[in-house]
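Since this is a predicted model, take the numbers as computed values, not measurements.
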Amino acid sequence: MERIILHVDVNSAYLSWEAVYRLQHGARIDLRTIPSVIGGDEKSRRGIVLAKSIPAKKYDIQTGETLWSARSKCPNLVVLPPSYPLYLSCSDALVRLLKKYSPKVERYSGDECFVDLTGCTQKKTAEETAWEIKERCRTELGFTVNVGLSTNKLLAKMASELEKPDKMHTMYPHEIPEKLWPMPVRKLFLSGPKTLPKLYKLNIFTIGQLAHASPDLLQHHLKSHGLTIWKYANGIDDSPVVPDGRAVKGIGNSTTTPFDVDSEKEALLYLLSLTETAAMRLRSNKMLARVVTVSLRDTNLSFYSHQRRLVSPTDSTLLLYRQAKSLFKEMWRREPLRHLGVHLSDLVENKFYQTSFFDDTAVSRQQAIDKTIDEIRASYGADAVVRGLFPHSGIPPLCGGVYEAFPTMRSLL
DNA sequence: TCTGGGGTCCTAGGACCC
DNA sequence: TCTGGGGTCCTAGGACCC
């Protein structure tokens, strides 16, 4: 049966949400109407553009560029820090509204959702429903969205890109030649900065040219990725809308340090801090990890990582940290670091997460300690228990993982 | 004091086994 | 009588997304 799929995309999400909140709390200027951005903290070396207003976009300010560069394009740019808990509650409000239309709502990222409306529209047509959702976001939630409507996720997502902001567009299969194919190929999902030059060399500049290229040729030049984007260019995608609860594949924390880390002692404190938070998230998901990865970025921004597979999966902060520490010692090139990360993957469900009272091995004692600390932090706040190594070290005892409830993001549809 | 942090998936090469 | 060859696992790195 033909499906009915919506893609709902919040326009300039962080910036819109910030603007709405400030208007509701007495601000006289709507940030959306002036050149403004949400940006990270420059003093702690996180100074990039996270979201921009439409007037800021007119100065050619791009998401991800440095605030330094953005200011050089627009000297009186208004820069505001992000308020993640606010964005999470806005995202939740959007999901609640969408769930009134269908139980099949997939939160693809904080500001994008897919909705499978198949069999959920009775009196109204799909187009009327899509339009109504767009209107209700604006009038009831206070921010505008773009809604794309089609028969699969890829086409719905491409439809919501057509014209912004506050628009609803369809891209049904019969509309592909008219609406999808004239678009520049850089607009196609998964055509990123490394893929585009290869496509240009093959004289492919529009999505239509990609759709009509030989799949064998694309596969030859771009491996399996070539076939994937060829299918997308032809509107082919049968991935399902997965309502919230898809199994998480990996849990990672990383942080850019406010100063260059050049001693092993400081680096290990950061790794302990990152491991602690990642392991807490692992345990709260009732999972065990089999692979630990440590990643480093030096002051030239070159990135490298080492990973290790464990003999048996674990959720113990101490056991995971031991691996991270040993990985770090074997990989560190003794250059100053600006970024460190710990990632846990190859996750399995922890079916025995209630540890036995009678088992008194070192491992189970360690698990009992983790469990107790998790409980204290849940009741009295994350800073209620802190390892003795951290005070006065200048290093936060729990790095990353602050927005645990924030939805996971996925790159593939 | 110029470049975040959270993800997913793919590929290439080496080790190892039969 | 030199160095087959397929399959699997593991690791490092890359590409892409929001």
Considering every strand and a 4.0 Å limit on heavy-atom distances, what is the contact class for [X]: base, sugar-phosphate, or nothing?
X         : answer
Ser224(A) : sugar-phosphate
Thr293(A) : nothing
Gly250(A) : sugar-phosphate
Tyr304(A) : sugar-phosphate
Arg338(A) : sugar-phosphate
Thr63(A)  : nothing
Glu112(A) : sugar-phosphate
Gly192(A) : sugar-phosphate

Of the candidate nucleotides [options], which contains the atom at the shortest distance from the side chain of [X]?
X         : options                  : answer
Trp68(A)  : dC9(B), dC2(B), dC16(C)  : dC2(B)
Arg309(A) : dT3(B), dT11(C), dG13(C) : dT11(C)
Ser109(A) : dT3(B), dC16(C), dC18(C) : dC18(C)
Leu190(A) : dC16(C), dG4(B), dC18(C) : dC16(C)
Tyr108(A) : dC18(C), dG5(B), dT3(B)  : dC18(C)
Gln307(A) : dC16(C), dT11(C), dG6(B) : dT11(C)

Has [X] got a side-chain N or O lying under 4.0 Å from the OP1 or OP2 atom of [N]?
X         : N       : answer
Asn253(A) : dG5(B)  : no
Ser254(A) : dG6(B)  : yes
Lys194(A) : dT11(B) : no
Lys223(A) : dA12(B) : yes
Thr256(A) : dG5(B)  : yes
His225(A) : dC10(B) : no
Thr255(A) : dG5(B)  : yes
Lys249(A) : dC9(B)  : yes

Does the Lys325(A) side chain pair with the main chain of Leu272(A), one donor and one acceptor, at a distance under 3.5 Å? no

Kindly indicate whether the side chain of Glu106(A), heavy atoms from C-beta on, has any atom under 4.5 Å from the side chain of Lys153(A). yes

Side-chain heavy atoms of Arg107(A) within contact of Phe114(A), under 4.5 Å: no

Is it the case that [X] and [Y] place a side-chain donor and acceptor less than 3.5 Å from each other?
X         : Y         : value
Tyr200(A) : Arg186(A) : no
Asp116(A) : Ser102(A) : no
Arg308(A) : Thr293(A) : no

Atom [atom1] of [X] to atom [atom2] of [N]: distance rounded to whole Å?
X         : N       : atom1 : atom2 : value
Leu188(A) : dA15(C) : CG    : P     : 18 Å
Leu347(A) : dC9(B)  : CG    : P     : 12 Å
Glu65(A)  : dC18(C) : CD    : P     : 17 Å
Arg46(A)  : dG6(B)  : CZ    : C1'   : 13 Å
Asp41(A)  : dT1(B)  : CG    : C1'   : 12 Å
Met331(A) : dG13(C) : CE    : C1'   : 11 Å
Phe328(A) : dA12(C) : CZ    : P     : 15 Å
Ile38(A)  : dG4(B)  : CD1   : C1'   : 14 Å

Any strand: nucleotide that pairs with dC17(B) via Watson-Crick or wobble, under 3.5 Å: dG6(C)

Now, which nucleotide makes the Watson-Crick or G-U wobble pair with dA12(B), with each of the two distances under 3.5 Å? dT11(C)

Between dC2(B) and dC17(C), how far apart are the two C1' atoms, rounded to whole Å? 23 Å

What's the gap between dG4(C) and dA15(B) when it is taken at their P atoms, as a whole Å value? 16 Å

Syn or anti for dC2(C), taking syn as within 90° of 0? anti

Is it the case that over 12 heavy atoms from other parts of the model lie below 6.0 angstrom from the CZ atom of Phe390(A)? yes

Of Leu222(A) and Gly64(A), the one whose nearest nucleotide on DNA chain B sits closer to the 5' end is Gly64(A)

Pick the closest DNA chain B nucleotide for Arg297(A) and for His343(A) by heavy atoms, then say which residue is nearer the 5' end. Arg297(A)

Just do the salt bridge (charged side-chain N to carboxylate O under 4.0 Å, His left out) check on Asp60(A) and Lys73(A) with the steps written out, would you? CA-CA 7 Å; Asp60(A) 192 35; Lys73(A) 293 175 179 175; 3.8 Å; yes

